[in-house]
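Throughout, protein chains are lettered first and strands after them, A, B, ... in sequence-line order, and every chain is numbered starting at 1. Worth knowing before you read on, the calculation uses all heavy atoms, side chains too, and leaves out hydrogens, waters and symmetry mates.
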Amino acid sequence: MEADRTLDCIGLYCPMPIVKTSQQIGELADGEVLEVISDDEGIKSDMPAWCDKTGHKFLGLEETGDEIKVYVRK
Amino acid sequence: MESKDSVTIVVFSGELDKALAAFNIANTAASMGMKVSMFFTFWGLSVIQKGKSGRGKKDTLQYMMGKMNRSGASKLKLSKMNMMGMGGKSMKSLMKKYRMPSLEEMITLAREQGVEFVACTTSIALMGLEKGDFIDEVDRFAGASTYLGLASESNVNLFI
């Protein structure tokens with residue numbers, strides 16, 4: 001999936017990927033897509049929940065081995 | 001944005017593990033756009049103390065309690081397996097290894113995210129503490145009515 005910005009959260013655990021996503025999304029323009037790369041399994045459930053609460057759009061995820069890429073549209 | 005939900009967390013415990021849990025939820029909630037208030041009472045006051053308090057106006061019992069109690073975010077014990085501080089040290093080194101933020105970093109992060117800190121005046125009086133014993137980040141010194149006022153308007157209320 002194409003993204004405007006990538007946030008590397010490899011090696012970080014809850015709550016840091018979500019906290020960093022929240023900080024990063026502020027720097028994006030409306031409609032832009034943020035890619036978050038994580039190896040914390042929890043993000044698969046946490047990111048949709050975060051999007052649901054904050055009103056950003058969860059576009060989906062791609063999983064390769066331990067690496068999970070999640071996509072959020074501001 | 002959706003409507004702004006609120007969270008209150010009563011931090012009653014003064015142990016490292018419980019404080020970490022409280023700040024994990026506080027930081028996540030703030031990241032989710034929720035308004036967060038943390039109400040520190042009883043042993044939980046240790047989390048937001050600068051360190052050991054001085055003699056101040058304490059009576060003997062309060063002074064002894066202050067001497068025996070660990071105060072300050074960097075000094076807290078684990079609620080289990082503390083083993084004279086070795087457990088706490090091991091936990092901190094594990095957290096570092098897994099790049100998890102320390103309690104002190106979690107507190108700073110919470111402030112950056114606008115989390116409100118309220119300290120309970122009754123507990124402060126009971127333990128012979130003074131406002132000056134607390135970190136500057138404390139927004140207000142208040143009582144149960146303040147907590148209940150906040151809690152009754154919040155959808156998530158936790159007691160840790």
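Atom NZ of Lys77(B) is surrounded by 12 or fewer heavy atoms from other residues, nucleotides or ligands within 6.0 Å. Annotation: Met81(B), atom CE; neighbour count of heavy atoms from other residues, nucleotides and ligands within 6.0 Å does not exceed 12. More than 12 non-hydrogen atoms from other residues, nucleotides or ligands lie less than 6.0 angstrom from CE of Met65(B). No more than 12 heavy atoms of other residues, nucleotides or ligands lie within 6.0 Å of CG in Asp66(A), so this atom counts as exposed by the packing criterion. At most 12 non-hydrogen atoms from other residues, nucleotides or ligands lie less than 6.0 angstrom from CE of Met91(B). Counting non-hydrogen atoms of other residues, nucleotides and ligands closer than 6.0 Å to CE of Met1(A) gives a total above 12. Heavy atoms from other residues, nucleotides or ligands lying under 6.0 Å from NZ of Lys75(B) number 12 at most. Heavy-atom contacts from other residues, nucleotides or ligands closer than 6.0 Å to NZ of Lys89(B) number 12 or fewer.
The contact between Leu109(B) and chain A is made entirely by side chain atoms (from C-beta outward), counting heavy-atom distances below 4.5 Å.
Checked against salt bridge (charged side-chain N to carboxylate O under 4.0 Å, His left out), Lys18(B) has the following partners two or more places apart in sequence or in another chain: Glu15(B).
Nearest heavy atom pair, residue Ser22(A) against residue Gln113(B), reads OG-OE1, 4.4 Å. The two residues Lys53(A) and Met34(B) have their closest heavy-atom pair at CE-CE, 4.4 Å.
Interface with chain B: from residues 30-45 of chain A, no residue qualifies, criterion being any non-hydrogen pair under 4.5 Å. The stretch residues 3-19 of chain A places Ile10(A), Gly11(A), Leu12(A), Tyr13(A), Cys14(A), Pro15(A), Met16(A), Ile18(A), Val19(A) near chain B, each with some heavy atom under 4.5 Å from a heavy atom of that chain.
The distance from atom CG of Asp52(A) to atom CE of Met32(B), rounded to the nearest 0.5 Å, is 8.0 Å. From Lys20(A), atom NZ reaches atom OG of Ser31(B) across 11.0 Å, with rounding to the nearest 0.5 Å.
Sorted by first and then second residue, the pairs that involve residues 149-160 of chain B and meet side-chain hydrogen bond (donor to acceptor under 3.5 Å, both in side chains), not counting sequence neighbours, are Asp5(B)-Asn155(B), Thr8(B)-Asn157(B).
For the options Ile25(B), Thr28(B), Asn24(B), Asn27(B), heavy-atom pairs under 4.5 Å to chain A are most numerous at Asn24(B).
Using a 4.5 Å cut-off between side-chain heavy atoms of Ile, Leu, Val, Met, Phe, Trp and Tyr, with links allowed through other members, Leu94(B) and Leu20(B) fall into the same hydrophobic cluster. Under the 4.5 Å side-chain heavy-atom criterion for Ile, Leu, Val, Met, Phe, Trp and Tyr, Leu150(B) and Val10(B) are members of distinct hydrophobic clusters.
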